[in-house]
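Below is one structure; the comments refer to it alone.
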Amino acid sequence: MLRIFTTLRLCPVTGLRNRLFSSSSSFLQAVCNASVSEDGKKLKLLCDGELERRYHGVWLRHNCRCPECFPAYSQQNIVHHSHLVDLKLTNAKVEGDNIRIEWKSITGNHSCDFGIDWLKDYDYTTPGIHEERRKKETPLITESLPISDYHEVISSDEGYYEWMKQVNVFGMSLLKNVPTIDRQMVKVCEKIADPQPHAYRTVFDVVT
């Protein structure tokens with residue numbers, strides 16, 4: 001142990017980093033195994049001391065993280081549905097802290113690196129995983145819905161700002177004291193954006 005420690009101390013900084021990175025990669029390769037199911041439809045990930053995780057090939061292809069499919073400027077997946085037709089996984093290999101995955105489909109071959117930690121974070125097949133995540137979630141609304149007053153929203157910038165902030169943070173807001181007269185909802189909507197008319201006009205009644 002003492003000799004190993006001394007050797008590392010005498011290495012240049014760059015060499016030390018390379019040694020540590022190489023050691024980390026070898027360690028991950030030793031504890032995690034990746035393979036493809038016989039039908040080519042699933043990736044199997046098995047790490048020591050953990051249950052086997054499985055990921056559908058179509059789900060992985062749709063969530064490809066390569067720059068072509070997941071541009072950095074938008075952070076949005078742009079995988080066209082044609083790439084998912086007749087899709088099969090052809091290879092999966094652990095490389096450091098990533099898994100190199102290869103597919104083939106009617107549009108051709110493709111490959112991508114998925115981080116092992118990323119795959120674990122988005123695991124959806126381990127029994128009880130969803131229930132466990134729900135226990136850890138902290139709801140944004142713990143007691144009641146956020147409330148705004150109609151008259152304050154309509155008549156003041158402060159009231160309007162508070163209403164929009166509630167919608168932005170919580171995704172909803174209960175607007176109270178709205179007059180019960182015709183087309184009042186349109187007036188409320190116009191505070192957000194111009195309502196778009198369509199074939200049934202801007203406002204219409206549904207009669208059953």
Side-chain angles (χ1 to χ4, degrees), residues 1 4-5 7-8 11-140 168-172:
M1 179 66 73
I4 295 175
F5 177 74
T7 302
L8 289 175
C11 288
V13 174
T14 303
L16 174 58
R17 287 177 179 170
N18 289 338
R19 283 169 181 255
L20 293 177
F21 178 78
S22 176
S23 174
S24 173
S25 301
S26 300
F27 175 73
L28 281 170
Q29 282 188 328
V31 299
C32 287
N33 250 330
S35 60
V36 175
S37 61
E38 290 185 6
D39 58 8
K41 293 183 177 180
K42 294 185 181 70
L43 166 73
K44 297 187 287 185
L45 174 62
L46 181 61
C47 296
D48 288 351
E50 300 175 3
L51 295 175
E52 182 181 79
R53 297 175 173 89
R54 296 196 174 199
Y55 305 86
H56 292 84
V58 171
W59 182 86
L60 290 165
R61 182 67 185 90
H62 179 70
N63 286 282
C64 179
R65 317 309 283 178
C66 80
E68 178 186 345
C69 301
F70 193 77
Y73 67 85
S74 68
Q75 295 290 295
Q76 297 290 323
N77 291 94
I78 55 172
V79 179
H80 193 269
H81 60 80
S82 62
H83 297 306
L84 309 178
V85 179
D86 294 335
L87 181 77
K88 281 195 174 183
L89 291 160
T90 57
N91 192 37
K93 181 182 179 183
V94 175
E95 296 181 349
D97 55 356
N98 296 316
I99 297 180
R100 183 74 172 177
I101 297 176
E102 298 174 1
W103 302 269
K104 67 175 181 180
S105 69
I106 61 172
T107 59
N109 299 330
H110 194 73
S111 61
C112 177
D113 292 335
F114 286 88
I116 292 176
D117 287 340
W118 187 92
L119 289 169
K120 289 183 178 182
D121 287 342
Y122 289 93
D123 171 30
Y124 59 88
T125 59
T126 299
I129 188 67
H130 300 295
E131 291 75 10
E132 190 63 30
R133 284 174 179 160
R134 276 193 286 268
K135 291 178 183 177
K136 297 178 181 178
E137 290 177 352
T138 303
L140 287 173
N168 181 55
V169 173
F170 300 106
M172 65 183 72

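Residue numbers count from 1 along this sequence.
Using bins of under 30°, 30° to 60° and over 60° for the plane-to-plane angle, the ring pair Y124/H56 lands in the parallel bin.
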I'd like to know whether H83 forms a side chain to side chain donor-acceptor pair (under 3.5 Å) with S105, so could you lay out the CA-CA distance, the side-chain angles of the two residues, the decisive distance to 0.1 Å, and finally the verdict. CA-CA 6 Å; H83 297 306; S105 69; 5.1 Å; no
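Rounded to the nearest 0.5 angstrom, Q75 CD and R65 CZ are separated by 7.5 Å. If you take CG on L45 and CZ on F114, they are separated by 12.0 Å, rounding to the nearest 0.5 Å. Considering OG1 of T107 and NE2 of H81, their distance stands at 11.0 Å, rounded to 0.5 Å. Annotation: the span from S35 atom OG to R54 atom CZ amounts to 8.0 Å, rounded to 0.5 Å. The structure places CG of L89 at 7.0 Å from OG of S37, a figure rounded to the nearest 0.5 Å.
Distance alone, capped at 3.5 Å, places no donor-acceptor pair between the T90 side chain and the K104 backbone. For the pair D97 (side chain) and D117 (backbone), a donor-acceptor distance under 3.5 Å is absent. With hydrogens and angles disregarded, a donor-acceptor distance shorter than 3.5 Å links the side chain of H80 to the backbone of S82.
The nearest pair of heavy atoms linking G57 to L87 is O-CD2, 3.4 Å. What you find for C112 and C66 is that their closest heavy atoms are SG-N, 3.7 Å. Here the closest heavy-atom approach between residue A34 and residue L43 is recorded as CB-CD1, 4.2 Å. Residues C64 and N77 approach most closely at O-ND2, 3.5 Å, considering heavy atoms. Across V79 and C69, no two heavy atoms sit closer than the pair CG2-CB, 3.7 Å. The two residues H62 and L84 have their closest heavy-atom pair at N-CD2, 4.1 Å.
The only member of T125, L46, L119 that meets side-chain contact (heavy atoms from CB on, under 4.5 Å) when paired with R53 is T125.
Counting heavy-atom neighbours within 6.0 Å of K44 NZ, excluding the residue itself, gives a total above 12. Other residues, nucleotides and ligands contribute only 12 or fewer heavy atoms inside 6.0 Å of the CD atom of E68. Counting heavy-atom neighbours within 6.0 Å of E131 CD, excluding the residue itself, gives a total above 12.
Sulfur atoms SG of C47 and C32 are positioned under 2.5 Å apart.
Side-chain contact between L60 and W103 is present, with heavy atoms from C-beta onward closer than 4.5 Å. With a 4.5 Å cut-off on side-chain heavy atoms, I116 and I99 count as touching. Residues N63 and Y55 have side chains not in contact (no heavy-atom distance under 4.5 Å, counting atoms from C-beta outward).
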